[in-house]
Structures are given as structure tokens and as C-alpha cells.
Amino acid sequence: MEFAVKSGHPEKQRTACLALGVYESRRLTPDAEQFDRACGGYLSNLLRRGDLEGKPGQALLLFNIPGALAERVLLVGCGREREVDDRRFRQIAAHAATALNETGATDAVVYLADLPVKSRDLDWKIRRLVEAVEESQYRFDYLKSKKDAPRRPLRKMTINVPGRRDLPDSEQAVRKGVAIAGGVKLTKDLANMPPNLCTPTWLAEQAQALSREFPALQVSVLEEAEMAQLGMGALLAVSQGSAQPAKLIRLDYRQGAATQKPFVLIGKGVTFDSGGISLKPGDGMDEMKYDMCGAASVLGALRASAELRLPLNVIGLIPAVENMPGGQATRPGDIITSLSGQTVEILNTDAEGRLILCDALTYAERDEPAAVIDIATLTGACIVALGRHPHGLLSNHPPLAHALQTAAAASSDRVWELPLWDDYQEGLDSNFADIANVAGSRDGGAIMAACFLSRFAKKFHWAHLDIAGTAWKSGKAKGATGRPVPLLTQYLLDRAVEAGWDHDRAAH
Ligand code: BES
Ligand code: MN
Ligand code: ZN
């Protein structure tokens, strides 16, 4: 898919398809109005006859409009003008994208970035349009013998912006949108892979492949023997019931000043979570192939960072394991020693994510990070608490939580903070080890999991994103979402700007 920006009159566009907005009820947007005047009131006549109300989700495709240079015009319902907010604009963009893929036109000029959206700027709107088109064209059909791609999808979208002055910033917005969409696509592809193919070893190979594509990303992989030597008893305890060897995948992206401390992203990479000896019930167990979505999002965010050539130092750490109930598997009651030296009583082998993450957190200490963010499909309880819209956010450093909230708003990849008060910590007391891997009750499960992690994150600023409810969709639309790649990339973008990044210069 190709994207471009330009600024010009709608009636002058020689294109296969022109997309124009119509507000409810039957009111043309200013661009549509201008086009209407040039073609003798063709559109306003049509609206007067009641062919399109302008409700969100409505669209009308017109051909051979007298006096028009465009071969087709797609009218896109935008709802009431005063109600166009964040959510509505994204709906409009999604509907426009779907409709454009079905027109048969392979290129289009779109007049939707000019719609005023409450407290959102042009950069934001352009990025949402790019995302919407990429989302509408995503398929995971590598493993189907018959592909289900649209017949003639859109190949090039030109986004019109209000004035020529807006062009340089708009080009940057497209660049950011495209880089993030590339990261999202990678993350979805990795996550949607079946768990017989997507093993820890395969994930490590994918990281290597990414580093061949983006040489600024260096990859190294720790094998089980090396992890054992280091003392990663928690990570290895999870893996020992599986026939698949564990891998600790490390990606180094060092494009910042040598003196700049690195940002570390840690992604939970459980390629399949059967629960282990604390076996999960059968219903929907296939979705536990998505238990590596945190890992996939780290690869996606690093891909986007590399594509944008952000002048930062970023490290990705991916503990990759399979949680299976083999004969060597960890039993409930086992006590292991983590890399930190803290002993852990494993009361439930299904609380495995925290066990692999705790060793990765301790391992991150040696990089003296500016901040550490872990991303994990960690708890069903997070879905109970927050539903499937925001990621759960917990942090030991309020400014870091705040920076993530800011990035979440800018990227429309939402988070909601949960408390991490010391009052919760005693729930993890164990009679036999330093700490238990689960609390005695189910109360506040997402918080208790974060409390566990916090014991291993005392030496740096740390935030935890619980993406259990957001990383994939269930039901008919089952599939990975690619979140939180937009959030993570935006967070890094913001850090790059803080460090004086000039994205105009970086583009050339
Ligand atoms: N990967 C799961 C969490 C999960 C479950 C994410 C369902 C998305 C949907 C995690 O490893 C897990 O099993 N967590 C347990 C923790 C419990 C044993 C304290 C859970 O949420 O039930
Ligand atoms: Mn589990
Ligand atoms: Zn899990």
C-alpha cells in the first residue's frame, strides 16, 4: 500500500475515486460542497432526494458525474458534525477504507483529514487514516489453500490536507503511520501463527530475520544452558514441561548517544500456555497461542523504531517458552530460585508469565535502563477488571505511567492505570519461600500479578502493561490486534523528540 499527501481542489482531482464526507443530516462537508458547485449541484440534488442520510457507516458510490474529472466519487457518512470525536473519526476512516477496497478503484484521493475532530490535529487524523487502510487490508491466509483477499484492493491513497503549508508535517505523519502499521502487521502475523509452528525457536528465528531486514537491530539468543548458568531458575521452571527449548531473545537497537541510557521493552513470549500441571479448561484453549503477544509487540515496536530511525537506545528482551504439562513439568508446591536470588513457591503453574518475566526483569538490571516496560498477556483478571478496550497499566514510577498515558492518547491505543499500593503485597506471602507466585484469593488478580513483578523491578523505573484483553479478538473476528505497538512506538517517538529529534531532517 502506498500513501501520499497533497493539497488541492477536489474537482481538479483526476483519480479513480474521490472520497468526500457527508454529515448528518444530508449536509456536505466544505470540500464536498466545493466539488458540488463545480459539478452543477449533482451531489446536493442527490442528497435532497434522500439517497444518503450521512449517518456513520453509510457510503454511496457514484459514477460518471457530469463535469467531474474523477472516475468515481465515494460519499462517506460522517454523522453529526458536532459529534465527530476520536472514536467517530476512527469509525469513519474504517468504513471509508472498507468501501474503497470494494470499489474496484486501485487509487483514491481522500478528503477526510480536513474534518474537524475535537482536540485532534492533522497529524493524528492522517495517522488514523493510514492505520484504517492497513487494518482493512490485513489478512492471515498463509495457511489457507484458497486466499480470501479482496478482488482489487486499494493500492494507493492520497490524503488531501487543508493547505500547502501542512505538507511537510503531513508527510511526516504518513511516515509515522506507515512505520507503526508495519510494526502492527509484523506483530499480528507473529501472533496469529499456530503454536505448532510458532515455537520459542521459531520466534528467535523471526527476530534474526528482522535484524537482517533492519541491520540497526542486533539479535542475540541465550540458550537454556546459558540461562541455567546465569541462574534463571524461574524462567527455566516454566519451560521444563515442554519438549521445546526456551530461548531468551535479545534485540539491541543502539542509535542514540553512547551516554544515553537504554529503554528496555520486555515481552512475554509464552508460545502456548496450556496452564502446565494446573491445566486450563479446554474451552477456547486455542487462544493461548496468543500468550506470546507481548513478545510480538516488542518486535513490532522495534521494527517501527528502526524504520523511523529513532535516535534512541532501545533493548528488546523476549523470554520465550512453552508452558506444557510434560513429565518434567513443574508441580504446584515446587520452590525455585529466581535470577534475583529470591525463592518462589509455585502454587499454580498457570501463573507462568510472571515467572519468565521476573528473570527477564532482573536480567535487565545490567543494562542500567532509563526505563523498563514489560508487555504481557498476564491475567484473565485484567479482562474482568477493565474489559477489552484499554491495556492495564501499573508502574512504580508515576512520571513513567504519565508518559505512557500521554502516548496512549496520542496513538489512540488506550491504557488504564491500576493501583500498585504496598497494601496488596502481603497477599503474596509464602510459608515456605520468599514469595508465592499467586495470592491465596482471586481478588485483584491483575494487581497481584503486577505486585509479583514489582519485587523484581526495584532497581529501575518500571511499568507493566497487561494486554490480556487487548492483544487479540475472540469470536468471529478472532485475530491479533497488533496492540500495543502504536502505544509503544509513540512512547519511543516522544522520547526521541525529547532528545531533540528533528523528524524532518531524519527523513532525508
Ligand atoms: N496467559 C494467561 C492469562 C490470560 C488468560 C490472558 C486468558 C488472556 C486470556 C496467564 O498465564 C494465566 O494463566 N493467568 C492466570 C493467573 C492465575 C493462575 C493467578 C489467570 O489469569 O487465570
Ligand atoms: Mn497461564
Ligand atoms: Zn500465560
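Numbers here simply count residues along the sequence, with the first being 1. When a ligand or atom number is given, it counts from 1 through the structure's own listing order.
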Can you sort out which atoms of ligand 1 are near Trp472, meaning under 4.0 Å from one of its heavy atoms?
-> 8 (C), 9 (C)
State plainly whether the residues Arg331 and Asp334 are in salt-bridge range, i.e. N to O under 4.0 Å.
-> yes
Decide yes or no for Lys478 and Tyr290: does some side-chain heavy atom of the first lie under 4.5 Å from some side-chain heavy atom of the second?
-> yes
Check ion pair Arg303-Glu307 (N to O, under 4.0 angstrom) = yes
Check whether the side chains of Asn396 and Ser454 place a donor and an acceptor atom closer than 3.5 Å, and report yes or no.
-> no
Within 45° of the six-membered ring axis of Phe89 and under 6.0 Å from that ring's centre, is NZ or CZ of Arg87 located there?
-> no
For atom CZ of Arg414, is the number of surrounding heavy atoms from other residues, nucleotides or ligands below 6.0 Å larger than 12?
-> no
Does CG in Asp283 sit with more than 12 non-hydrogen atoms of other residues, nucleotides or ligands closer than 6.0 Å?
-> no
Protein heavy atom at shortest distance from atom 19 (C) of ligand 1 | Val438 CG1, 3.6 Å
Are any of the protein's heavy atoms under 4.0 angstrom from atom 22 (O) of ligand 1, yes or no?
-> no
Is Tyr142 atom OH crowded by more than 12 heavy atoms from other residues, nucleotides or ligands, each under 6.0 Å away?
-> yes
Taking non-hydrogen atoms only, is Met448 closer than 4.0 angstrom to ligand 1 via side chain, backbone, both or neither?
-> neither
Taking the six-membered ring of Phe140 as reference, does the NZ or CZ atom of Lys188 fall below 6.0 Å from its centre and within a 45° cone about the axis?
-> no
Name of the Asp273 N, O or S atom nearest the Zn ion (ligand 3)?
-> OD2
Report yes or no: does Leu378 have an N/O/S atom closer than 2.8 Å to the Zn ion (ligand 3)?
-> no
Atoms of ligand 1 less than 4.0 Å from Glu352 heavy atoms?
-> 11 (O)
Judged by non-hydrogen atoms, does Met288 sit under 4.0 Å from ligand 1?
-> yes
Which bit of Leu378 gets closer than 4.0 Å to ligand 1, counting heavy atoms only: side chain, backbone, both or neither?
-> backbone
Nearest-contact summary for atom 12 (C) of ligand 1 - protein heavy atom, Å | Asp350 O, 3.2 Å
Is it the case that more than 12 heavy atoms not belonging to Gln328 sit under 6.0 Å from its CD atom?
-> no
Run the numbers for me: atoms of ligand 1, each under 4.0 Å from some heavy atom of Arg354, listed by number.
-> 16 (C), 19 (C)
For ligand 1, is Lys280 a contact, meaning one of its heavy atoms is under 4.0 Å away?
-> yes
Any idea which atoms of ligand 1 are less than 4.0 Å away from a heavy-atom of Lys268?
-> 1 (N), 10 (C), 11 (O)
How many angstroms lie between atom CZ of Arg388 and atom CD1 of Ile383, to the nearest 0.5 angstrom?
-> 4.5 Å
Quick check, are the ring centers of Phe456 and Trp462 under 6.0 angstrom apart?
-> no
Kindly give the atom name of the N, O or S atom of Asp291 closest to the Zn ion (ligand 3).
-> OD2
Flag if over 12 foreign heavy atoms under 6.0 Å of CH2, Trp202 = yes
Does ligand 1 have an atom under 4.0 Å from some heavy atom of Phe452?
-> no
Identity and distance of the protein heavy atom lying nearest atom 18 (C) of ligand 1 | Asn348 ND2, 3.5 Å
Nearest non-hydrogen protein atom to atom 4 (C) of ligand 1, with distance, is Gly380 N, 3.8 Å
Would you call Lys118 and Asp86 a salt bridge, taking side-chain N to carboxylate O under 4.0 Å as the test?
-> no
heavy-atom search around atom 1 (N) of ligand 1 in the protein gives Asp291 OD1, 2.8 Å
Going by the order shown, which atoms of ligand 1 are within less than 4.0 Å of some heavy atom of Thr377?
-> 1 (N), 2 (C), 3 (C), 6 (C)
Close-contact set for ligand 1 against Ala468 heavy atoms, below 4.0 Å | 6 (C), 8 (C)
Heavy atoms from other residues, nucleotides or ligands near CD of Glu368 exceed 12 (cutoff 6.0 Å) | no
Counting only N and O atoms by type, is there a donor-acceptor contact under 3.5 Å from the side chain of Asp291 to the main-chain atoms of Asp273?
-> no
Looking only at distance, does Asp273 have an N or O less than 3.5 Å from an N or O of ligand 1?
-> yes
Of all N/O/S atoms in Glu352, which lies nearest to the Zn ion (ligand 3)?
-> OE2
Under 3.5 Å, is there a donor-acceptor pair linking the side chains of Thr349 and Ser278?
-> yes
For the Mn ion (ligand 2): protein N/O/S atoms at distances below 2.8 Å = 4
